[in-house]
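Just below is one structure, and these are the notes that go with it.
FYI, side chains are in, hydrogens and waters are out, and symmetry mates aren't considered; it's all heavy atoms of this structure. It should be emphasised that the depicted structure is a prediction, and the values quoted were computed from it without experimental measurement. Order of the sequence lines sets the chain letters (A, B, ...), proteins ahead of strands, with each chain counted from 1.
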Amino acid sequence: MSEQTQTKPRTPRGERYEPRAIERKWQARWQADGLYLTPDDDPRPKWYALTMFPYTSGNLHVGHWFAMAPSDTAARYRRMRGYNVLFPMGFDAFGLPAENAAIKEQAHPAQWTFRNVERMREQLKSMGAMFDWSREVITASPDYYRWTQWWFLKLLEHGLAYKQNAPVWWCPNDQTVLANEQVIDGHCERCGAAVSKRDLDQWFFRITRYAEELLDFSGLQWSSQIESMQRNWIGRSEGAELRFGLDVPGVDAREVRVFTTRPDTVYGVTFFVLAPEHPLTLQITTPERAAAVRAYIDAARKQTEIERTSTEREKTGVFTGAYVTNPFNGARVPVWTADYVLATYGTGAVMGVPAHDQRDFEFAKKFALEIIPVFRHADWDGGELTSALGHGGTMINSGPFDGTPDEEAVGAVVRYAEEQGFGRGTVTYRLRDWLISRQRMWGAPIPVVYCDSHGIVPVPEEDLPVLLPEDAEFRPTGESPLTYHEGFLHTTCPIGGEPARRETDTLDTFMCSSWYQMRYIDPHNDERPFSRELARAWLPVDQYSGGTEHAVMHLLYARFFTKAARDMGIVEFGEPYIRLFNQGQILGPDGQRMSKSRGNVIAPDGQVEQWGADAVRAYLMFLGPWDQGGPYDPSGITGIYRWLNRAWNLVTAEMPPASLADAPETRELRRRTHHTIERATRDIELFRFNTMLAALMEFTNELTKLRESRRPVDAAAWREAMRSLILMLAPSVPHIAEELWERLGEPYSVHTQRWPEFDSALTAQERVEVAVQVNGKLRDRLALAPGAPEALARDQALASERVAPHIAGKQIVRVIYVPDRLVNVVVR
RNA sequence: GCCGAAGUGGCGGAAUGGCAGACGCGACGGUCUCAAAAACCGUUGGGCUUCACGGCCCGUGUGGGUUCGACUCCCACCUUCGGCACCA
């Protein structure tokens, strides 16, 4: 629609609804009055509502509005329910896009980032949300990353940070290492390039120490979907670690440890497999097998992760020439190396039980290794196996354990292993430690220095922040650009004053977002990251919301941080976010993900310009359930816009004064008012914004009809309806609500009023419609008083002339009566 | 392959054992207008039938089942989306 052809609906009297004018007016007024500043000392109960802060990409898109407008509505509702609500906003400002933009523009990433912050803050303000901007945090500003560095020092001090040479994920495009969580199907989570492994000295956080506790979601109200994604990611497996004997000349190790979930199949071991990267693989290889094994390991390392982990691929592997001894039966079995065994899981070794494990079975078939079943199984006739056997049956070929049923087998074998010293029952997790080093420049420098005399020396707390230089080169070289900045690199040892070298890697940006919720409560504190008193007053977050894409990164890291902070005595709780809601994703009008390349991006700014922020907010909430998302169809917003106009006309219209307090019409008006309050309250509590708005639309339509009927209406009841309508509009469409509140002659501000209460005595209908069915089919409707006695309902139903033809000549078997709902006559 | 969510008019969706399609978009008809747009009012799941009021049948992915009654609960299957996937 063009600007020229669009005309505004006219009100019968008075001024038209001009969203842009009233939105500008009230945003300025709210800011001038500090309406949304959150006091720390306030007698009301606290409510900390938080929406994931945006990355400083440069532009807010409708997806951000979809995340923030409903959460703003929920926060405003809480405030109207008498809570002191903290609803802050900030910017996730470190990260690669800034650096890439800087390389392109030959400018510093800080310029790009802070320019984007300015723009996005204005876009956010146009939404009219109740963000308390005095608490804004920007993770790339020194007074924030100073404390990110402080957290690193604390974790280092408590043994939760360590440096290690390890094979780590490498993204060739972004020229940096990645955390496990950032690798999706063998590709870089950010840029999509195929990743490979590199051996590098890197910093890690010991998140694995919390693996078990991170599986505990009691006390949290999170969706079961996110819970199961985290459980899946942590990947707990119960089993046993067993020790197989090793006797290879010239090798010190006397045993190899192996993790298995099926210790009960240990008598079925016919071979043994080490991961190509396992430290013993080359050591134990016999001279005549060395060339083949070396070649295999090299080939394995060159493969991309996608090639290597493809499940379709045929098994490969080579024999090392060495043997290990099964401690249970003394059997000597050949040791192979094969890339289906992962170095990073368990102990990097597998005991091959081809009869009971499909992967081992395929390997044994390929290399003609022996297959010994150790369970008599219902699916097995005693002949040659065509696939591995599943669980079940009783043990055979297992010496003293023969005859043990499946259910007791694992326990019996583990007990025996522990008695004999062969191994022990144990639990393994898929979760690995969190790799936090990044070889890029636009992040918080890791605050340590390397000194020839004193080794790794943490930067003293009082010397923080370790500032990023303002004139670094950004060419990605695989090493941090900070390495080439002489002024940054060279420093002195905090202990002895010797010349020393700074750590040039920076911290993973997920570290910034692991604690930002704690900084909002005390954002200007320059003594500590936040004060203990304010932490006690505000934390943890009561209601958090954001997209599912952070299920196993941000949300897992933040939980780890909180537990570590608790154990370090910094906070007194172990979970950052009590309630979590995940909104869906907004798609383009074509149902595809919005992207510049598809040309289906809807910018919120244009929609706001055309329809007003209130209409855009309400439309996003009206589209469907918040957790669902869906396509943004720009033509639908007219429905919302028309509705807001109807509401405007309704409130601004003159109503002739009348006093009809006891009239049936008045009772009906009040019933509708209170019934709407009941519906809207229930829906907003459950974040069902779409049905809440539908209820308000119905109410508006009913009131419009009543006004247009030109029948006299009781003035007090009408005013109650108007007040209630505006109060219920206030959280969703804050600007028009404020304007109408003022025009109704009520005192500023509508946003400091209480949410209306409904009186259940008034919501009852005088007559209810009761459906009459015959054998479950609708035949008639009766108008009865609520709670009408069964006999009455039954007699009226049977007397109905619409029912008569359907029961004529038939026998009435029974009559079911659900009060106020239906009568069902069952005939034969 | 495994785990989870979902499938309802032309479209977004509502109803979670009791009147399917609330609310909104779109479409069609009307009012206003010289005309159009906007706005407002009305109709709008499909089929059959009636001059008409109305009546009847079918209908919530498919096939079964439980129930007086099923979009809703149970079983099997199909499709779509999300997560995990050689994790021993």
C1' gap between C73(B) and C53(B), integer Å = 40 Å
Phosphate oxygens OP1/OP2 of G83(B): is one of them under 4.0 Å from a side-chain N or O of Ser228(A)?
-> no
Remember a base hit wins even if backbone is also touched, and classify Leu822(A) as base, sugar-phosphate or nothing at under 4.0 Å, heavy atoms.
-> base
When rounded to whole Å, the CZ to C1' distance for the pair Phe272(A) and A88(B) reads 11 Å
Between G26(B) and C48(B), how far apart are the C1' atoms? Round to whole Å, please.
-> 27 Å
What integer number of Å spans the C1' atoms of U80(B) and U62(B)?
-> 15 Å
Picking from A88(B), C25(B), G18(B), which would you name as closest to the side chain of Asn824(A)?
-> G18(B)
Presence of Lys777(A) side-chain N/O under 4.0 Å of C58(B) phosphate oxygens OP1/OP2 | yes
What interatomic distance, in whole Å, is found between C1' of G10(B) and the corresponding atom of U44(B)?
-> 11 Å
Rounded to whole angstrom units, what separation is found between the CE atom of Met692(A) and the P atom of G13(B)?
-> 18 Å
Candidates G26(B), C19(B), C56(B) - which lies nearest the side chain of Gln773(A) | C19(B)
To the side chain of Pro625(A), which of A88(B), A14(B), A39(B) is closest?
-> A14(B)
Side-chain N or O of Arg646(A) less than 4.0 angstrom from OP1 or OP2 on G24(B)?
-> yes
Return the value, rounded to whole Å, for the distance between atom CG of Leu696(A) and atom C1' of G24(B).
-> 14 Å
Does the C86(B) base have a donor-acceptor partner in the side chain of Gln358(A) within less than 3.5 Å?
-> no
Between A85(B) atom C1' and Met229(A) atom CE, what is the distance in whole Å?
-> 14 Å
Torsion-based syn/anti label for G7(B), 90° from 0 as limit | anti
Selection from C84(B), A15(B), C19(B) that lies nearest to any side-chain heavy atom of Arg688(A) = A15(B)
Within the pair Arg231(A) and G4(B), is there a side-chain N or O less than 4.0 Å away from OP1 or OP2?
-> no
Arg802(A) vs G55(B): side-chain N/O to OP1/OP2 distance below 4.0 Å | yes
Indicate whether OP1 or OP2 belonging to A85(B) is found under 4.0 Å from a side-chain N or O atom of Asn232(A).
-> no
Kindly say if His356(A) contacts the phosphate of A88(B), meaning a side-chain N or O under 4.0 Å from OP1 or OP2.
-> no
How about Arg231(A) and Leu215(A): do any of their side-chain heavy atoms sit closer than 4.5 Å?
-> yes
Do any side-chain nitrogens or oxygens of Gln628(A) fall under 4.0 Å of OP1 or OP2 in G13(B)?
-> yes
So, are Glu698(A) and Arg679(A) salt-bridged, with charged N and O less than 4.0 Å apart?
-> yes
Can the positive tip of Arg642(A) be found less than 6.0 Å from the middle of the six-membered ring of Trp611(A), inside 45° of the ring normal?
-> no
Between Arg262(A) and A88(B), is there a side-chain N or O to OP1/OP2 distance below 4.0 Å?
-> no
So Tyr619(A) and Tyr632(A), would you call those rings parallel, tilted or perpendicular, with 30° and 60° as cut-offs?
-> perpendicular
Got a sec: does the CD of Glu238(A) have more than 12 other heavy atoms crowding it under 6.0 Å?
-> no
For the pair made of CH2 in Trp626(A) and P in G13(B), what is the distance, rounded to whole Å?
-> 17 Å
Counting any heavy atom closer than 4.0 Å, what does Asn701(A) reach on the DNA or RNA strands: base, sugar-phosphate only, or nothing?
-> sugar-phosphate
Using the C1' atom as the reference point in each nucleotide, state the distance between U66(B) and U50(B) in Å, no decimals.
-> 40 Å
5'-most contact on RNA chain B (nearest-nucleotide basis), Ala695(A) vs Gly776(A), goes to Ala695(A)
What distance, rounded to whole Å, do you find between the two P atoms, one in C86(B) and one in C78(B)?
-> 24 Å
Nearest listed nucleotide, side chain of Ile816(A), among C40(B), G18(B), C23(B) | G18(B)
How far does the C1' atom of A14(B) sit from the matching atom of C71(B), given to the nearest Å?
-> 11 Å
Go through the N and O atoms of the side chain of Arg781(A) and the base of C19(B), and report whether any donor-acceptor pair is under 3.5 Å.
-> yes
A14(B) phosphate, OP1 or OP2: any side-chain N/O from Asn690(A) under 4.0 angstrom?
-> yes
Indicate yes or no: at least one non-hydrogen side-chain atom of Arg430(A) is less than 4.5 angstrom from one of Trp233(A).
-> yes
Which value, in whole Å, describes the distance between the P atoms of nucleotides A6(B) and A15(B)?
-> 13 Å
